[in-house]
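Handing you this structure, nothing more for now.
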Amino acid sequence: MHDPQPLRDLLHRALARYLTVTPHGFVLDRGGDTVSRLVVRILGYGGARTLYQQRKPVCRSLDGVVAVTDPAKCCDHCPQLDTCTPQVRVDLIVEGRPSRLLLAFTSAKNFLAYAGRLEAQRIAVDSLQHEILVVPRRGWGEVQFREAR
């Protein structure tokens with residue numbers, strides 16, 4: 001029997017849109033309006049890494065192991081490992097479409113604490129709807145998580 005996971009991964013990458021976080025909220029589509037709150041379904045999450053140069057991503061790994069753009073490039077052996085940003089990748093359904101949110105620093109800490117609270121209560125993260133919101137922090141937006149009401 002063939003393993004369908006690589007096909008799922010490829011399909012998911014092709015269809016997922018990235019949510020951009022600004023101090024004013026989430027940007028769902030390029031040039032679109034910002035939304036400060038979203039009700040989402042979280043499908044899964046994991047580690048990720050992004051190398052930024054002049055505030056633009058030049059290399060990204062969605063699993064923290066292998067680069068998306070060059071499958072032969074392993075994060076573990078990369079000479080730029082110390083300069084890339086560790087992140088938490090959150091795969092979501094937003095407005096019926098697969099989306100991806102990459103979180104770093106405080107937002108990643110917020111998500112991991114939220115997921116930990118759900119796990120302690122024996123609630124699967126993919127079993128309910130969540131509200132995600134952006135709190136403005138001067139030049140950046142902090143993402144916070146809670147159960148949707």
Side-chain angles (χ1 to χ4, degrees), residues 3-30 32 34-52 55-71 73-78 80-137 139-149:
D3 180 12
Q5 191 59 40
L7 185 56
R8 281 190 199 122
D9 291 343
L10 181 64
L11 185 62
H12 192 65
R13 283 186 198 144
L15 297 176
R17 63 182 171 170
Y18 285 85
L19 297 181
T20 301
V21 179
T22 72
H24 309 290
F26 299 100
V27 179
L28 298 175
D29 296 305
R30 288 185 185 208
T34 58
V35 180
S36 62
R37 298 172 189 267
L38 291 170
V39 175
V40 303
R41 214 129 163 238
I42 296 175
L43 300 175
Y45 61 95
R49 299 187 77 80
T50 302
L51 175 63
Y52 293 96
R55 304 185 101 186
K56 298 208 184 293
V58 295
C59 183
R60 175 165 286 148
S61 170
L62 295 176
D63 60 6
V65 179
V66 178
V68 172
T69 53
D70 182 2
K73 187 175 181 182
C74 293
C75 296
D76 198 27
H77 303 299
C78 180
Q80 298 171 308
L81 181 65
D82 292 339
T83 57
C84 69
T85 303
Q87 298 171 310
V88 173
R89 180 200 79 253
V90 183
D91 296 319
L92 315 159
I93 298 292
V94 180
E95 297 177 349
R97 291 181 54 195
S99 301
R100 181 166 289 128
L101 182 59
L102 293 174
L103 304 169
F105 311 114
T106 305
S107 296
K109 184 178 128 189
N110 291 345
F111 175 76
L112 293 173
Y114 175 68
R117 281 193 306 277
L118 291 177
E119 186 177 319
Q121 297 171 13
R122 290 189 159 81
I123 299 172
V125 74
D126 62 352
S127 68
L128 51 102
Q129 289 195 318
H130 312 272
E131 183 178 18
I132 58 176
L133 56 138
V134 175
V135 176
R137 303 285 188 221
W140 58 282
E142 177 184 329
V143 183
Q144 297 182 350
F145 300 81
R146 62 183 174 211
E147 291 179 45
R149 298 177 190 159

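Since the structure is predicted, the reported quantities are computational estimates derived from the model, not experimental observations.
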Original post:
Can you check whether Val125's main-chain N or O pairs, donor with acceptor, with His130's side chain at less than 3.5 Å?
Top reply: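 Checking the backbone N and O of Val125 against the side chain of His130, a donor-acceptor pair under 3.5 Å is found.
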Original post:
How long is the span from the OH atom in Tyr52 to the SG atom in Cys59, to the nearest 0.5 Å?
Top reply: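 Output value for this atom pair is 11.5 Å.
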Original post:
Is the closest side-chain heavy-atom distance between Tyr114 and Glu147 below 4.5 Å?
Top reply: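 With C-beta onward as the side chain, the pair touches.
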Give every donor-acceptor pair under 3.5 Å between a side-chain atom in residues 102-112 and any protein atom, sequence neighbours left out.
residue : atom : partner : partner atom : Å
Ser107  : OG   : Val143  : N            : 2.8
Asn110  : ND2  : Thr106  : O            : 3.4
Asn110  : ND2  : Glu142  : OE2          : 2.9
Asn110  : ND2  : Val143  : O            : 2.9

Original post:
Is the shortest heavy-atom distance from the side chain of Arg100 to the side chain of Leu62 under 4.5 Å?
Top reply: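 A side-chain contact exists here, since the closest heavy-atom pair is under 4.5 Å.
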Subject >> Distance in Å, Leu81 CG paired with Cys74 SG, rounded so as to fall on 0.5 Å steps >> reply: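 Nearest 0.5 Å value for the CG-SG distance: 11.5 Å.
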Original post:
Any chance the side chains of Ser61 and Arg49 put a donor and an acceptor closer than 3.5 Å?
Top reply: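 Looking only at side-chain atoms, Arg49 and Ser61 do not form any donor-acceptor pair under 3.5 Å.
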Original post:
With a 4.5 Å limit on heavy-atom distance, are the side chains of Cys78 and Lys73 in contact?
Top reply: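 Yes - at least one pair of side-chain heavy atoms lies under 4.5 Å apart.
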Original post:
Less than 4.5 Å apart, any side-chain heavy atom of Thr20 and any of Phe26?
Top reply: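 No, every pair of side-chain atoms sits at 4.5 Å or beyond.
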Subject >> Exceeds 12 heavy-atom contacts within 6.0 angstrom, atom CD of Glu131 >> reply: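 Correct, the count exceeds 12.
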Original post:
Mind checking whether Val58 and Leu51 have side chains closer than 4.5 Å, heavy atoms only?
Top reply: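 Yes, close enough: below the 4.5 Å cut-off.
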Subject >> Residue pair Asp126 / Leu43: nearest heavy atoms and the distance that separates them >> reply: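 Smallest heavy-atom distance, with atoms named: CB-O, 4.2 Å.
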**OP:** Would you confirm whether Arg89, through its side chain, and Leu101, through its main-chain N or O, come within 3.5 Å as a donor-acceptor pair?
**Re:**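 Between the backbone of Leu101 and the side chain of Arg89 there is no qualifying donor-acceptor contact (under 3.5 Å).
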Original post:
Below 4.5 Å, heavy atoms only, C-beta onward: do Cys75 and Val65 meet side chain to side chain?
Top reply: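 A side-chain contact is absent here, since even the closest heavy-atom pair is not under 4.5 Å.
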**OP:** Search all heavy atoms of Ala115 against all heavy atoms of Tyr45 and return the closest pair with its distance.
**Re:**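 Here Ala115 and Tyr45 meet closest at CB-OH, 3.8 Å.
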Original post:
Which pair of heavy atoms, one from Thr50 and one from Gln87, lies closest together, and at what distance?
Top reply: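 So the two residues come closest at OG1-OE1, 2.5 Å.
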**OP:** Test Ile132 against Ile42 for side chain to side chain contact (heavy atoms under 4.5 Å, CB included), laying out the working first.
**Re:** CA-CA 10 Å; Ile132 58 176; Ile42 296 175; 5.6 Å; no
Original post:
Hey, what do you get for CG (Leu128) to CG (Leu118), rounding to the nearest 0.5 Å?
Top reply: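 Separation between the atoms: 6.0 Å.
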Original post:
Quick one: does NZ or CZ of Arg60 land under 6.0 Å from the six-membered ring centre of Tyr18, within 45 degrees of the ring axis?
Top reply: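 Yes, Arg60 sits over the ring of Tyr18.
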Original post:
Would you say Arg17 and Pro98 make side-chain contact, with heavy atoms under 4.5 Å?
Top reply: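 Arg17 does not reach Pro98 side chain to side chain.
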Subject >> Sub-4.5 Å side-chain heavy-atom contact between Leu19 and Val27 >> reply: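 No - every pair of side-chain heavy atoms lies 4.5 Å or more apart.
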**OP:** Search all heavy atoms of Val134 against all heavy atoms of Thr22 and return the closest pair with its distance.
**Re:**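 Distance-wise, the nearest heavy atoms are CG1-O, 3.2 Å.
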